[in-house]
S.K.: 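Mind looking over this structure? Questions follow.
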2 protein chains.
Amino acid sequence: MASQTRQSQRRRQVLSRERIVEAAIELLDTTGESALTVRMLTERLSTGSGAIYHHVGTMNDLLEAASDTVIANALAVPPAADTPEDEIRAVALALFDAATEHPWLAAQLAAQITRNPWGSVTLRIFESFGRPMRALGVPQPDWFTTTSTLVHYFIGATTQGPHDGGKPERAEFLDTAFEAWQNLDPDDYPFITTIAAQMRDHDDRRQFLTGIDLVLKGIVARVDHAA
Amino acid sequence: MASQTRQSQRRRQVLSRERIVEAAIELLDTTGESALTVRMLTERLSTGSGAIYHHVGTMNDLLEAASDTVIANALAVPPAADTPEDEIRAVALALFDAATEHPWLAAQLAAQITRNPWGSVTLRIFESFGRPMRALGVPQPDWFTTTSTLVHYFIGATTQGPHDGGKPERAEFLDTAFEAWQNLDPDDYPFITTIAAQMRDHDDRRQFLTGIDLVLKGIVARVDHAA
DNA sequence: GCCAGCTTTGGAACACCGCTCCAAGTTGGA
DNA sequence: TCCAACTTGGAGCGGTGTTCCAAAGCTGGC
């Protein structure tokens, strides 16, 4: 009897790599990064660890697959834009919003890129930023360098960037950091003490976009100067 | 005498927070990131885990202290530069070289910043980049945003950046990535396939500096435009 | 219908991890 | 001298990723 039930259960939901990755993403989103363990997954999927290791490789592979899936989805919709600058902004925003929606993505992005600097994650991001780059007027030999700069800015901004949305939690968090910065010795930290208020009042998303524009302006300026 | 008491106290303490952090950095440098465990540390220092947890807090605190120490040392020498641009380049290079010398630093930098976006690590880097920023002609209300962009670029470049120095290992690694990129479908990855060769031949340090210059150019262009 | 040979599954077991807790050792001031 | 506070070493706990393997399901040829 019991074996029959198990059978029908299993036949209904066949285990596959995709299903595991999907469950991993859901687990990461709902319960947080530290909750994604093999045992949690086996429980959620009513299976054993052997099955999971059979479909996905190591735990790190699973995390990479989860990151890759989320990023691929974020980049799936081709951005409709008039200018190459707008297309770059659209790509950046799509990735930024994905990182906001999946709070674990930032750390994973950084970890995966550090582990494998030219893996599939970098591949996707590079292609998406580089494609409109071609229409920006940059001479082809500089494409790799300029796109790298853009991608690196994005990675850095995302790595630090938004821990939480516009929740009151965040305001409180910023207030704490603000007070700490303001109470520093102005002789040791003349810059930090000056801009502490700007830090407290800044908006992550807006600042991210400003940064993108700034890098774009640098790229275009470089083109103009060369011409 | 207060100094005498302090001295004798120091002489008494065989174990200290500084000594533990120092040993941790050495262990990270020599044996790699995964080798830094509490048990390894106790063996190296001929002590027990209790002593370590008494001086430094959690393992994460130790990693943060290690990162902070390395970064503080890298930024300790005030850069001698004529222009603010040169000073920014000097700061960037000092940090870049620190990340090259300590291969574990990149991952830790990213992890610490993700965990605590406005912690002591960010503090130091922000101050060092921001100080010369004041002499760059940027209006004060923009200081935070422009410095953030610079810092974010630095973090991203470091996160991806150099896994190994100019070792033959690296050339082989780049060749593998190059072939993978070149063999992609040009219809799916028109950009990647075009710049694959540039990726293989690029120099990390030179490209990092070019990126810094590019961001600087964007910042200055923004100033000129506003004026 | 049947069975060999493959894939897939579930779970026990292993080595190792960070961390807690505590009894002992050590120190310095009263 | 004595005791309170600080410091130390290590056993032990709950948890982790990963391996290994026996059993079950599946599939194609007979």
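First the proteins, then the strands, lettered A, B, ... as listed; each starts at 1.
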S.K.: From the set C:dA13, C:dT20, D:dT8, return the single nucleotide nearest to any side-chain atom of B:L15.
M.R.: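 The answer is D:dT8, which lies nearest to the side chain.
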S.K.: From CG of B:L62 over to P of C:dC17, roughly how many Å is that when rounded to an integer?
M.R.: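 After rounding, the gap between these two atoms is 15 Å.
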S.K.: How close or far is atom C1' of D:dT18 from atom CG of A:D61, stated in whole angstroms?
M.R.: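 Roughly 13 Å, once rounded to whole Å.
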S.K.: Within this structure, what is the CD1-to-C1' distance between B:I52 and C:dG18, rounded to whole angstrom?
M.R.: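 After rounding, the reported distance stands at 12 Å.
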S.K.: Does the plane of the ring in B:Y153 sit parallel, tilted or perpendicular to the ring in A:H152? Use 30° and 60° as the thresholds.
M.R.: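 Ring orientation of B:Y153 relative to A:H152: tilted.
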S.K.: 5'-most contact on DNA chain C: A:G48 or A:R39, nearest heavy atom basis?
M.R.: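 By nearest-heavy-atom nucleotide position, the 5'-most residue is A:G48.
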S.K.: What nucleic acid atoms does B:V38 come within less than 4.0 Å of, heavy atoms only: base, sugar-phosphate, or nothing?
M.R.: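 Sugar-phosphate only.
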S.K.: Between B:E127 and B:R131 (salt bridge meaning N to carboxylate O under 4.0 Å), is one present in this structure?
M.R.: yes
S.K.: Take atom CE of A:M40 and atom P of D:dG15, then tell me their distance rounded to the nearest Å.
M.R.: 10 Å
S.K.: Write down the distance between CG (B:L41) and C1' (C:dG18), rounded to a whole number of angstrom.
M.R.: 12 Å
S.K.: Roughly, in whole Å, what's the span from CE in A:M59 to P in D:dT19?
M.R.: 14 Å
S.K.: In whole angstrom, give the distance that lies between atom CZ of A:R17 and atom P of C:dT7.
M.R.: 18 Å
S.K.: Just compare C:dG10, C:dC19, D:dT18 and give me whichever is closest to any side-chain atom of B:T58.
M.R.: C:dC19
S.K.: Kindly assign one of parallel, tilted or perpendicular to the pair A:F129 and A:F154, based on the angle between their ring planes and the thresholds 30° and 60°.
M.R.: tilted
S.K.: Over all strands shown, is A:L36 touching base, sugar-phosphate only, or nothing at heavy-atom distances under 4.0 angstrom?
M.R.: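 Sugar-phosphate only.
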S.K.: Look at A:H54 and C:dT9 and indicate whether a side-chain polar atom (N or O) is within less than 4.0 Å of OP1 or OP2.
M.R.: no
S.K.: Under 3.5 Å, is there any donor-acceptor pair linking the side chain of A:S49 to the base of D:dT19?
M.R.: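 Flag set: donor-acceptor pair detected.
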S.K.: State whether B:R44 and B:E26 are salt-bridged, where the test is any N-O pair (Lys NZ or Arg NE/NH1/NH2 against Asp/Glu carboxylate O) under 4.0 Å.
M.R.: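 The answer is yes: the pair qualifies as a salt bridge.
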S.K.: Does B:H55 place a side-chain N or O at less than 4.0 Å from the phosphate oxygens OP1/OP2 of D:dT8?
M.R.: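 Yes, within the criterion.
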S.K.: Classify the ring geometry between B:F96 and B:F208 as parallel (under 30°), tilted (30 to 60°) or perpendicular (over 60°).
M.R.: parallel
S.K.: In whole angstrom, give the distance that lies between atom OH of B:Y53 and atom C1' of D:dG10.
M.R.: 13 Å
S.K.: Name the residue closer to the 5' end of DNA chain D, choosing between A:G50 and A:T37 according to the nucleotide with the nearest heavy atom.
M.R.: A:T37
